[in-house]
Q: 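Sharing a structure here in structure tokens format.
All chains are named by letter (A, B, ...) in the order of the sequence lines, taking the proteins before the strands, and each is independently numbered beginning at 1.
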2 protein chains.
Amino acid sequence: MKTVSAAQTLSEQIRDGNLFAEQCPSRDVLKHVTSRWGVLILVALRDGTHRFSDLRRKMGGVSEKMLSQSLQWLELDGFINRVAYPVVPPHVEYSLTPLGEEVSEKVAALANWIELNIPQVLAHHAKQVA
Amino acid sequence: MKTVSAAQTLSEQIRDGNLFAEQCPSRDVLKHVTSRWGVLILVALRDGTHRFSDLRRKMGGVSEKMLSQSLQWLELDGFINRVAYPVVPPHVEYSLTPLGEEVSEKVAALANWIELNIPQVLAHHAKQVA
DNA sequence: CAGCATCCAAGAAGATACTG
DNA sequence: CAGTATCTTCTTGGATGCTG
């Protein structure tokens, strides 16, 4: 926990970022993490190191471009480790960093909730029609 | 908890949706919930009922259009309650449903983590340059 | 195998004007 | 106040072809 200066207001003292502020960099991180493929990558890497193709096979419907782009975002944010072995053919391994483990935990919790509660949501959709 | 048939495999028995499956409806729900404004709406409504304009003011940078569209998605998914009072000028209140309280909890956990750990991420960005 | 570069389509998002 | 309608812009995402 960081120390709080007297000048800080109550609402600012706890958090360092503020998603409700338009120009806060946290918005970008949120974007990467909650992006269409970012979520899946983070969850997939929870059960261990994966190679590029492994990830691609595992996540239905991702293109090479988007997979590599999403991986780069997450790597730059410090959530993912990329290790390239200098062999032919190329061999690259992706894994979570300690920081990545933390976010992925939160993301996975959300993903799990959704997977478990899809029936409720679908039931609600059905009611709309009636 | 649903009952599990003998035919189900270990990995399938717990969850009803599967985000790794391309055509699973859970992907749509995830999209709504993790959308740029969906996250903010869900988090904002955690501290009580809000009117349309209240939400708009609170969330930096949303357009009327996107706010109303995002609200509609979340309402259709059963996460949000919309109550319109038949008065002039119009008065509409948005709040979380019990189901919405649950997702928003997960979403808020993620949002909080990001706001708190922005410094780490930014520090990592800085290292890339060097 | 693991990608990058390029081009293109679709959808998300924004600005503005208007309505019950 | 709480939207809708419309138009435009930008980003996301996909297809294809090429490379170390």
Q: Are any of the side-chain nitrogens in B:D54 or B:R51 under 4.0 Å away from the carboxylate oxygens of its partner?
A: no

Q: Over how many whole Å does the gap from B:D54 atom CG to D:dA2 atom P extend?
A: 7 Å

Q: Measure the spacing between NE2 of A:H91 and OG of A:S53 and express it to the nearest 0.5 Å.
A: 10.0 Å

Q: At under 4.0 Å between heavy atoms, what does A:E93 touch on the DNA or RNA strands: base, sugar-phosphate, or nothing?
A: nothing

Q: Is A:S68 near enough to C:dA2 that one of its side-chain N or O atoms lies under 4.0 angstrom from OP1 or OP2?
A: no

Q: Protein-nucleotides 10-12 of chain C N/O pairs closer than 3.5 Å?
A:
none

Q: Given the rule that I, L, V, M, F, W and Y join up when any side-chain heavy atoms are under 4.5 Å apart, are B:L76 and B:F52 in one cluster?
A: no

Q: Is it true that A:K31 and A:D28 make a salt bridge, defined as a side-chain N closer than 4.0 Å to a carboxylate O?
A: no

Q: Which comes earlier along DNA chain C counting from the 5' end, the contact point of A:F52 or that of B:V62, where each point is its nearest nucleotide?
A: A:F52

Q: Compare side-chain N and O positions of A:R51 against OP1 and OP2 of C:dA2 and report whether any pair is under 4.0 Å apart.
A: yes

Q: Would you kindly say whether B:D77 and A:H124 are connected by a side-chain donor-acceptor distance under 3.5 Å?
A: no

Q: Any side-chain N or O of B:Y94 under 4.0 Å from OP1/OP2 of D:dC1?
A: no

Q: Whole angstroms only, please: what is the CG-C1' distance between A:L55 and C:dA2?
A: 12 Å

Q: In whole angstrom, what separates B:I80's CD1 from D:dA2's P?
A: 15 Å

Q: What integer distance in Å separates B:H91:NE2 from C:dG20:C1'?
A: 17 Å

Q: For A:L67 and C:dA2, give me the distance from atom CG to atom C1', rounded to whole Å.
A: 10 Å

Q: Hey, is the side chain of A:R82 poking within less than 4.0 Å of OP1 or OP2 on C:dA2, counting only N and O atoms?
A: no

Q: Could you go through B:V103 and A:W113, starting from their C-alpha distance and side-chain angles, then the distance that decides it, and tell me whether this counts as side chain to side chain contact (heavy atoms under 4.5 Å, CB included)?
A: CA-CA 7 Å; B:V103 235; A:W113 187 93; 3.5 Å; yes

Q: Rounded to whole angstrom units, what separation is found between the CD atom of A:E75 and the C1' atom of C:dA2?
A: 14 Å

Q: Quickly work out the A:L71 CG to C:dG3 C1' distance and round it to whole Å.
A: 11 Å

Q: Are A:L40 and A:L116 joined in one hydrophobic group, where the rule is that I, L, V, M, F, W and Y side chains link up if heavy atoms are under 4.5 Å apart?
A: no

Q: Tell me the interatomic distance from A:Y85, atom OH, to C:dG3, atom C1', rounded to whole angstroms.
A: 18 Å

Q: Using 30° and 60° as the class limits, which term best fits the ring planes of B:W73 and B:H32: parallel, tilted or perpendicular?
A: parallel

Q: For A:I41 and A:L67, what are the C-alpha separation, side-chain angles and deciding distance, and is it a side chain to side chain contact (heavy atoms under 4.5 Å, CB included)?
A: CA-CA 8 Å; A:I41 291 173; A:L67 179 55; 3.8 Å; yes

Q: Using a cutoff of under 3.5 Å, can you pull out all pairs of nitrogen or oxygen atoms linking the protein to nucleotides 15-20 of chain D, with atom names and distances?
A:
none

